[in-house]
J.: 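One structure, as structure tokens, below. Some questions next.
No hydrogens, no waters, no symmetry mates; every other heavy atom, side chains included, goes into these values. Just so it is clear: chains get the letters A, B, ... in the order the sequence lines come, proteins before strands, and each one is counted from 1. None of the values given here were measured: they were computed from a predicted structure.
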Number of protein chains: 2
Amino acid sequence: MTLRDMALEKMRAAIIAGHFQSGDRLVERPLCDQLGVSRSVVRETIRYLEAEGLVEILPNKGPIVAKLDWENAQQIYEIRMLLETSAAQKCAELAKDGDKKKLGKALAQLKLAYSSGETNDLFEATTLFYQCIFDISGQNVAWEVVQRLNGRISRLRAMTLGTRDRHDAGYKRIEKIYSAIETNDPQAAAAAIQLHLTEAANIAKTLLTAELSKSEK
Amino acid sequence: MTLRDMALEKMRAAIIAGHFQSGDRLVERPLCDQLGVSRSVVRETIRYLEAEGLVEILPNKGPIVAKLDWENAQQIYEIRMLLETSAAQKCAELAKDGDKKKLGKALAQLKLAYSSGETNDLFEATTLFYQCIFDISGQNVAWEVVQRLNGRISRLRAMTLGTRDRHDAGYKRIEKIYSAIETNDPQAAAAAIQLHLTEAANIAKTLLTAELSKSEK
DNA sequence: GGTGATAAGATGGTATACCATAATACCGAA
DNA sequence: TTCGGTATTATGGTATACCATCTTATCACC
């Protein structure tokens with residue numbers, strides 16, 4: 001693994017974890033110190049993150065962590081809705097026994113993460129579960145797209161997961177997705193994932209608008 | 001505009017125009033000469049293109065122009081189908097008179113481009129038309145996604161447009177999309193754009209498989 | 001003559017030093 | 001207090017040096 005890859009992961013993780021706030025400037029040389037790499041690496045990393053949409057570059061100002069408004073977040077949730085519905089549908093059509101086993105394992109991990117309450121575990125387990133679905137449906141490009149979009153709303157997702165683990169309705173909805181796939185019922189799988197995403201989007205909207213109105217004070 | 005932006009556009013254009021073949025190595029130092037910039041700029045540009053998916057990086061080998069197989073291209077067409085259907089639908093719902101005027105203008109340009117037969121004009125006009133649709137539907141994030149995906153199949157699209165302008169069925173299908181939007185008929189708009197895309201994907205498949213079987217000889 | 005080892009070159013990866021320019025903050029004079 | 005200039009800071013951009021690795025070509029030895 002190259003230095004750049006490591007720097008990339010660290011920065012991405014830092015942004016997702018909220019270590020850098022949205023709108024924060026990303027000054028190159030301090031970043032070099034923090035990451036322990038040279039400017040070349042930092043600059044190339046920033047270029048990559050810029051293309052990913054996690055970082056914006058203000059002309060003659062430099063890079064900042066991309067700002068997130070509900071307008072854009074909503075669009076992202078809508079796109080996810082389309083892609084994930086399609087993936088769940090196909091997944092339910094195609095899933096063989098081996099696939100179901102793998103998905104079941106991901107579900108078990110997810111259950112564990114829900115009960116542990118660790119937002120980070122929850123985050124990873126959720127990602128794994130979705131990855132499984134896209135994997136089975138054979139839509140790796142769509143998965144790439146979803147992941148990239150998720151990066152842009154990662155902080156929002158972390159917040160959403162954080163609140164949702166209190167009401168455990170979230171897990172139940174995911175279980176429904178699983179059982180629809182397990183019984184190879186595309187319709188039900190699509191419906192279940194739509195329900196789940198709609199709910200997630202609603203929570204996200206509440207949280208984000210609350211945060212924005214607070215920061216305007 | 002920074003040097004990087006220029007280098008980025010040049011490289012992207014060169015890849016799309018087929019000046020660099022898929023699988024070609026992108027050796028840094030020669031690129032510096034060709035673009036007239038330093039290695040740093042070239043490297044950052046490559047990083048960006050890597051994130052865009054236009055360039056792959058082989059470990060210990062360096063960057064190459066991303067290879068395109070039908071497997072991935074098909075997935076991209078499927079994603080476009082979802083996103084563009086949704087956009088056309090929303091566009092047909094929302095389009096006001098002013099929007100329709102703009103779209104009509106884009107259509108007129110497209111007609112011109114079709115009759116001129118310049119693949120490049122056709123490419124731009126098509127892009128403009130679609131941009132208009134996404135614009136009206138208010139889905140700028142989805143447009144970003146589509147554009148990025150299109151970058152990855154750009155060569156394929158250019159080939160497709162090149163053959164399609166011979167049969168002018170392509171323009172007629174686009175006209176149908178327009179008229180569906182013009183009459184605010186979401187169902188028809190969705191159907192029209194699906195037809196158009198399916199056709200494009202079919203042509204693309206034919207061309208790509210033909211090319212691949214030829215290069216295997 | 002064929003095979004394997006070694007040396008040379010090419011390439012990627014990393015680090016640093018340097019310059020020009022733009023923005024900004026600060027400070028002194030009117 | 002305000003205006004204007006200066007110093008600082010950060011960026012964009014360039015050049016270069018260094019090392020590791022991979023490829024390739026050469027050459028000696030079997």
J.: Touch check for A:Arg39, heavy atoms < 4.0 angstrom, all strands: base, sugar-phosphate only, or nothing?
T.: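 The residue A:Arg39 makes base contact.
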J.: Is B:Ile46 touching bases, backbone alone, or none of the nucleic acid, heavy atoms closer than 4.0 Å?
T.: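 The answer is nothing, as B:Ile46 stays clear of every strand by at least 4.0 Å.
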J.: Whether the side chain of A:Gln75 engages the backbone of B:Asn140 through a donor-acceptor N/O pair (distance < 3.5 Å, no angle test) should be reported.
T.: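 Confirmed, A:Gln75 side chain pairs with B:Asn140 backbone.
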J.: Have a look at A:Arg4 and say if it touches a base, only the backbone sugar-phosphate, or nothing, with a 4.0 Å heavy-atom cut-off.
T.: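 Sugar-phosphate, no base atom in range.
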J.: I need the CG-P distance between A:Leu26 and D:dG12, as an integer number of Å.
T.: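 Distance, rounded to whole Å: 12 Å.
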J.: Could you tell me whether B:Glu9 and B:Arg12 have a side-chain N and a carboxylate O separated by less than 4.0 Å?
T.: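 A salt bridge is absent here (no side-chain N lies under 4.0 Å from a carboxylate O).
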J.: May I ask you to decide if A:Gly53's main-chain N or O and A:Arg148's side chain share a donor-acceptor pair within less than 3.5 Å?
T.: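 No: the side chain of A:Arg148 does not pair with the backbone of A:Gly53.
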J.: Identify the two heavy atoms, one from B:Phe123 and one from B:Ala158, that lie closest to each other, and give their separation to 0.1 Å.
T.: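 For B:Phe123 versus B:Ala158, the nearest heavy atoms are CE1-N, 3.8 Å.
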J.: Please check this pair: side chain of A:Thr160 against backbone of A:Leu156, looking for a donor-acceptor N/O pair closer than 3.5 Å.
T.: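 Here the side-chain-to-backbone pair exists.
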J.: Donor-acceptor pairs are to be reported for all side-chain atoms of residues 96-104 of chain B against protein atoms at under 3.5 Å, with residues two or more places apart or in another chain.
T.:
| unit_1 | atom_1 | unit_2 | atom_2 | d |
| --- | --- | --- | --- | --- |
| B:Asp99 | OD2 | B:Lys96 | N | 3.0 |
| B:Lys100 | NZ | B:Glu182 | O | 3.1 |
| B:Lys100 | NZ | B:Asn184 | OD1 | 2.8 |

J.: For chain B and DNA chain C, what are the first and last nucleotides along the strand, 5' to 3', with at least one atom under 4.0 angstrom from a heavy atom of the protein chain?
T.: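 The protein-touched segment is C:dT11 to C:dT14.
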J.: Atom CZ of A:Arg43 and atom C1' of D:dT11: how far apart are they, to the nearest Å?
T.: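 The distance from CZ of A:Arg43 to C1' of D:dT11 comes to 7 Å, rounded to the nearest Å.
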J.: For A:Pro63 and A:Ser40, find the nucleotide of DNA chain D closest to each by heavy atoms; which residue's nucleotide sits nearer the 5' end?
T.: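 Residue closer to the 5' terminus by nearest nucleotide: A:Pro63.
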J.: If you pin A:Lys61 and A:Ser38 to their nearest nucleotides in DNA chain C, which one's is more 5'?
T.: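 It is A:Ser38 whose nearest nucleotide is closer to the 5' end.
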